[in-house]
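To start, the structure itself, in structure tokens.
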Amino acid sequence: MPYLGGDEVVRELRRALVNPHIQSDHLRYRNIIKRVIRVMSQGVDVSGLFSEMVKACATVDIVQKKLVYVFLCSYACVNPELSLLVINTLTKDCCDSNPMVRSLALRNMCNLRLPGLCEYVEQPLMVGLKDKVACVRRVAVLGWAKIHALRPNTEMDAAVVNELYGLLRDPDPVVMVNCLRALDEILQEEGGVAINKPVAHHLLNRLKECDVWGQSEVLAVLQRYQPRSEDELFNILSLLDPALHSHHAPIMAATLRLFLSLCSTMPAVCLSALERARASLLASTGSSSRELRYAALCHVQLLLRSEPGLMGDHYKRFFCGYAEPPYIKQSKIQVLVELVNDDNVLIILDELKGYCTDVNTETSQAAINALGFIGRSYGDRCLDILTGLLELKQEHITSAVIQTLRDLVWVSPQCGDAVCSALEGWEDQLQDTQGRGALLWLLGIYGDRSECFCLDLLRLRT
Amino acid sequence: MIGGLFIYNHKGEVLISRVYRDDIGRNAVDAFRVNVIHARQQVRSPVTNIARTSFFHVKRSNIWLAAVTKQNVNAAMVFEFLYKMCDVMTAYFGKISEENIKNNFVLIYELLDEILDFGYPQNSETGALKTFITQTGIKSQSKEEQSQITSQVTGQIGWRREGIKYRRNELFLDVLESVNLLMSPQGQVLSAHVSGRVVMKSYLSGMPECKFGMNDKIVIDKQGKGGASDEAGKSGGGGGKQSIAIDDCTFHQCVRLSKFDAERSISFIPPDGECELMRYRTTKDIILPFRVIPLVREVGRTKLEVKVVIKSNFKPSLLAQKIEVRIPTPLNTSGVQVICMKGKAKYKASENAIVWKIKRMAGMKESQISAEIELLPTNDKKKWARPPISMNFEVPFAPSGLKVRYLKVFEPKLNYSDHDVIKWVRYIGRSGIYETRC
């Protein structure tokens, strides 16, 4: 890491940048600039090279321009006066015939993040909104959002807001989605972009043209819309139905959220929406990537709280594979606990028993706690399993079991007798404070039932 | 939305850092490193919350990619975006490794600029990006090239440009499936599903319209009902041929979904080169290529006798390849003797498993391996929780039963017809998580 040699490197680069031989050779010039950026990425402070980089900005080579802009955007806040020199070049580029250059210049003008430059930037941005080429319009729209972020207290010109609303009808779907995002940010105090009937219908009709990100964005924004009549509501639901089965997890999640908020007053419709989405949710829980599986499992956990019967028959999907990472196993165990009913309790208990001996201590503790939860309703079977676990004489398992037994007894005292008989003779195993504390508590409650316990108590104190 | 994107190597050094929003400070970079990369415990979850900031991360080989945000964003979308970012980087410079990232950091900054503007994901189709972000840099272009590129970036058919010409028009279709199975010791299927993708490599001239048909149950039922009075010459409707019921499927952007909804036909104008046409899942009527029958017998406390039979369950004319069976052994194993007629079996102490490799196996055959495992005597009364027997293999058919019925190409403007196109179809079924408990 060249922290130590920082000054020298900067001096060497400065010498190279002002060297006229290098400046006349495009390739060498570009390579020097690449080195500056590399050094910048490594953490060295190269802000001293600002004026030289500004001069490098005036070039026809697009790659070099991009590099210089990366540098300028990082250091502009340190050198606001010198940044003004760049504005001339940028403004000229905004009128270039190549649309790539125009969009690049616009984007970087806004990325400079200098409040003082706002007045120079506004004019090219207004022109950019009306540009013929869509990629320039996309950049211009987000540019207005960036400007607003720089000056949060000043009012945005009403003409701009109107123009942005108008651009919601743009033929390019990315421009439309960018407008939504920009309006959301600009009109934050008023609650974001106003979705009325024509806007909502327009967005719904164009949903299919957008890519994955656009669709998720539109679906999130549509939550604010309140349909006026039931007919309209059902029309919207049937239009969005295919999106519920999308294989792209973000779209499915956003659609489900929209459905649930639209039908919050009609529980029957909510339920049928959840049932339709169930297949895709289950598919995501089996997805090949761990992170999406984890996100889907979190969704399922949330949904089960409001609709416990949702996943009833599909409990087998939540059985853990041997090699899954611990965070996924723990989520699945929590879901399995919610799905227990009379029909499947034996099978689920069998599965959980297997997980109690898992290699990862946290997972086995989670499985044992889960057994305790289920034990509140199905006491005897769980107690059998828990006492069986004690026989394994594994320290962390014994400790977790004792704590679970304590919780079980607290909630349902009727299994007290069974617990007592199981407890005799296991106190040697415990080393950690949690387990010992639990055992003490149990002894305190049931000490009178068995003589051996008093002796045990004495032994524990020593 | 996404406030910042950071890429770290395995030591926690920052390779790339890009901050999009003002609410993410410089200390976010360090916070992630200290709390996640250098955390002593194993990673708890892919989402970490530190001081009201959420960090989403994905790990590829030993490179960490982290997205940071302070707002309430759609988690699945952030992960999908991180995957897309990895795909795009792989398409440009191959494997994601520290070396490659350092050599191409200019490119990555360009990509980050283009794909994620102000923290919002923009156009991320690899095909379109490759036209205007190239590694050697763009020299000044002629007017036609400029307009072509912008129309591809912004136009109706963003995934294919006009004027493509090939001498030989070829179309390769790969049906890649991954079959996952969890079987109980008694031989009952606990859960099974197949997830598949149809990948198409098209080298076709012009803007051809393609139509793709497979033995989808709904289509065949429709045909069966409509052609009930027809002669049996109508390829046996729903009765004779096998049809598959697809649970759910998604298509590439180029497929016209309206036609799919109406008549269940998949018609599209393909992108040039390689693309993933559709992705699907089935859970019913899966052909399980292998059946594993384990038999474990404990002889006293010092020996374990294991016999595993694998039966291949497909047409005798087909050959499965790269078959590997892993039989886990207890931790206190001292020695193993294996006898197997086919393939090679070795006991690997470091992995606590007997690995049995068979190069090739035909359908409707049986192979068997028996092993005697000697155990060191232990005082542990702990019973060995037997991990399941897992298998890996590759079969030349689709375990879901999917068959490509037809693939037609129409290009009215240029003078080549469907018969002139050379088409290849290939089925590759791989094992995903294929476990049998014992």
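Chain identifiers are assigned alphabetically (A, B, ...) following the order of the sequence lines, protein sequences preceding nucleic acid strands; residue numbering begins at 1 within each chain. Reckoned from all heavy atoms, side chains included, excluding hydrogens, waters and symmetry mates.
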- Note on the structure: If one checks every heavy atom of B/Pro388 against chain A at 4.5 Å, the contacting part turns out to be side chain
- Can you tell if the side chain of A/Tyr327 reaches within under 4.5 Å of the side chain of B/Pro46, non-hydrogen atoms only? yes
- Please flag which part of B/Thr283 lies under 4.5 Å from any non-hydrogen atom of chain A: side chain, backbone, both or neither. side chain
- To the nearest 0.5 angstrom, please state how far the CG atom of B/Leu190 sits from the CZ atom of A/Phe319. 7.0 Å
- For B/Tyr120, which residues count as a ring-ring contact (aromatic ring centres under 6.0 Å, His included) partner, sequence neighbours excluded? none
- Query: If you draw a 6.0 Å radius around CZ in B/Arg386, do more than 12 non-hydrogen atoms from other residues or ligands fall strictly inside?
  - Reply: yes
- Under 6.0 Å from the CZ atom of B/Arg18, do we count more than 12 heavy atoms belonging to anything else shown? yes
- Message: Can you confirm whether A/Gln215 sits close enough to B/Met77 that some side-chain heavy atom of one is under 4.5 Å from a side-chain heavy atom of the other?
- Response: no
- Note on the structure: Of A/Ser103, A/Ala295, A/Ala145, A/Gly354, the largest count of non-hydrogen pairs under 4.5 angstrom with chain B goes to A/Ala145
- Query: When you look at CG of A/Asn205, are more than 12 heavy atoms from neighbouring residues, nucleotides or ligands closer to it than 6.0 Å?
  - Reply: yes
- Query: What part of B/Tyr20 lies closer than 4.5 angstrom to a heavy atom of chain A: side chain, backbone, both or neither?
  - Reply: backbone
- Message: Please check if the number of heavy atoms outside A/Lys353 that lie under 6.0 Å from its NZ is greater than 12.
- Response: no
- Note on the structure: Ranked by heavy-atom pairs below 4.5 Å to chain B, first place among A/Val212, A/Val174, A/Asn178 goes to A/Asn178
- Could you point out which residue of A/Asp211, A/Leu142, A/Val177 forms a side chain to side chain contact (heavy atoms under 4.5 Å, CB included) with B/Gln122? A/Leu142
- Query: Taking all non-hydrogen atoms of both residues, which atom of A/Ala254 and which atom of B/Asn74 are closest, and how far apart?
  - Reply: CB-ND2, 4.2 Å
- Taking atom NE2 of A/His299 as the centre, does the number of heavy atoms from other residues, nucleotides or ligands within less than 6.0 Å exceed 12? no
- Item | Closest non-hydrogen atom pair between B/Phe81 and A/Trp213, with its separation | CA-CH2, 3.3 Å
- Reported CD-to-CG distance for the pair A/Glu291 and B/Leu82, which is rounded to 0.5 angstrom: 8.5 Å
- So which part of B/Arg437 gets closer than 4.5 Å to some heavy atom of chain A, the side chain, the backbone, both or neither? side chain
- Message: Less than 4.5 Å to any heavy atom of chain B: does that hold for the side chain of A/Arg107, its backbone, both, or neither?
- Response: side chain
- Query: Where on B/Val78 is there a heavy atom nearer than 4.5 Å to chain A: the side chain, the backbone, both, or neither?
  - Reply: neither
